[in-house]
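Notes follow the structure.
Both ligands and their constituent atoms are indexed starting at 1 by order of listing.
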Amino acid sequence: MKAFKPRVFSGVQPTGNLHLGNYLGAIARFVEMQNSHDCIYCVVDMHAITVWQDPKELARNTREVTAAFIAAGIDPGKHIVFNQSQVHEHAELAWVFNCVARMGWLSRMTQFKEKAGKDRENASVGLFAYPSLMAADILLYLATHVPVGDDQKQHLELTRDIAQKFNNDFAESIAAHGYGEAFFPETEPLIQGPATRVMSLREGTKKMSKSDASDYSRINLTDDADMIALKLRKAKTDPEPLPSEIAGLKGRAEADNLIGIYAALAGTTKEAVIAEFGGSQFSAFKPKLADLAVERLAPIAGEMRRLLADPAHIDAILKDGAERASAIAAETMKGVREVVGFVGGR
Ligand code: AQP
C-alpha cells in the first residue's frame, strides 16, 4: 500500500454547549496528538448549518470552540486551527465526493436517522450529505489519523469507503497523472481511552450531547466550579456501592460512565479507579469526582473567558490558520481536478 505522510485532522461543530464529552472524547485527544504529529484542527461551521443556526450565535460559537481548543492546550502556532468555511476547497471536494458516495451508503448512517427523526422529508439535503463533507474535510489534507469520539466511527468508515472508491474508480487516471497507486489515504480512526462515549448524567444509556434539553445532562466547558459540583451531585446513580472489579460495571451504565469520566480526567484507566474506589458509596465518590473535574476544567473555562474577551485576536488566529490550510487544500484540489478530468484550474 502507498505510504502517506502521517497527519492528523479533526473537527468540532460550533453548535453551542461544548461539553465534557466533546472535551474527553475529542479535544483532550487533539492536545495529546500534537506531540507526535502535524495536526489540523477545524471548527466545522459548514457542518453546523446542516441544522438551523442563528447567524449571531454561529459566529459566537465558532469563536468559543476556537477558544476551547487553545485554552485546552492546542498550539495554533505549531499546528493549524481554522474554521472550515474560510477554505472553499472543503465544499468543492465534498461535491466530488457526493458523486462518489452512493445513496445506499448515506441512507445507512445512524446519525442522519437520529437527527432527521420521523420528519425525514423536512431534513436538509446537507444533513443527509454530511458524511461526504466530513470525508472531504479529512481527505483534503490527506490525513492519516482522525481522533474522534465513538459516535463518529460510522462516518469514518464511510470516509474510508469514499477514499477507496475514488482510488478504484480513477485508478488509471491517478497513475497516468503520476500519483501512483492511490490518491487518497485510508484514514485510521483513533477512538481510544476510557471516555470515547461519555453518557448523559441524567440517563446512562444516552450520549452526553449539546442538544439535550436538560442542562443537567451535561457538564459544559463554561460551567463554573459550583455548577460542576452541583451537576455531579445530582447525576443519576443506582443504590449499590461501586464494584470492586471491572466486570461489576456490566449493566450499571451510570456507574460505568462516572468511573470512565474519572479515569479520563485523571489520565488513568477504569481498572485503576475501581482499585481505588471499589466498595465506596456514590456519596463518597461523587465529591472526589467533582474536585477532579473542577481541577481539570476550571482553568480551561477561565482561559476561554480571557480569550473570548478579545474576538479580534481569535479571528486573526482563524485567518492565519485558514491561509495555511488553504495552501495544502489547493494542492490536493489541483490533483483532484486533474484526476477527475476537469479542464483548467487555478
Ligand atoms: N458524549 C460524547 N462522548 C465522547 N465524545 C463525544 N463527542 C461528541 N459527543 C461525545 C465527540 O466530540 C467531537 C465533536 O463533536 P461534534 O461537535 O462534531 O458533534 P456531535 O457529535 O454531534 O456533538 P454532540 O454534542 O453530540 O451534539 P448533538 O447534540 O448535536 O448531537 C467528535 O469527535 C465527537 O465524536
Point to revise | Aromatic ring proximity, centroids under 6.0 angstrom, His79 and Phe69 | key: no
Practice item. Select all protein residues for which some heavy-atom-to-ligand 1 distance is less than 4.0 Å, and list them by chain and number. Key: Gly11, Val12, Gln13, His19, Gly21, Asn22, Gly25, Ala26, Lys115, Val148, Gly149, Asp151, Gln152, Ala195, Thr196, Arg197, Val198, Lys207, Met208, Ser209, Lys210, Ser211
Study note, to complete from the structure: When Lys210, Arg202, Lys231 are each screened for salt bridge (charged side-chain N to carboxylate O under 4.0 Å, His left out) with Asp215, the one that passes is Lys231
**Study point:** Polar contact flag, side-chain donor to acceptor under 3.5 angstrom, Glu89-Thr332
**Key:** no
Exercise for review: Give a yes or no on this: more than 12 heavy atoms of other residues, nucleotides or ligands lie within 6.0 Å of atom CD of Glu331.
Suggested key: no
Study note, to complete from the structure: Across all chains, not counting sequence neighbours, the salt bridge (charged side-chain N to carboxylate O under 4.0 Å, His left out) partners of Lys56 are none
Check your understanding: Taking the six-membered ring for Trp, are Phe170 and Phe166 parallel (under 30°), tilted (30 to 60°) or perpendicular (over 60°)?
Key -> tilted
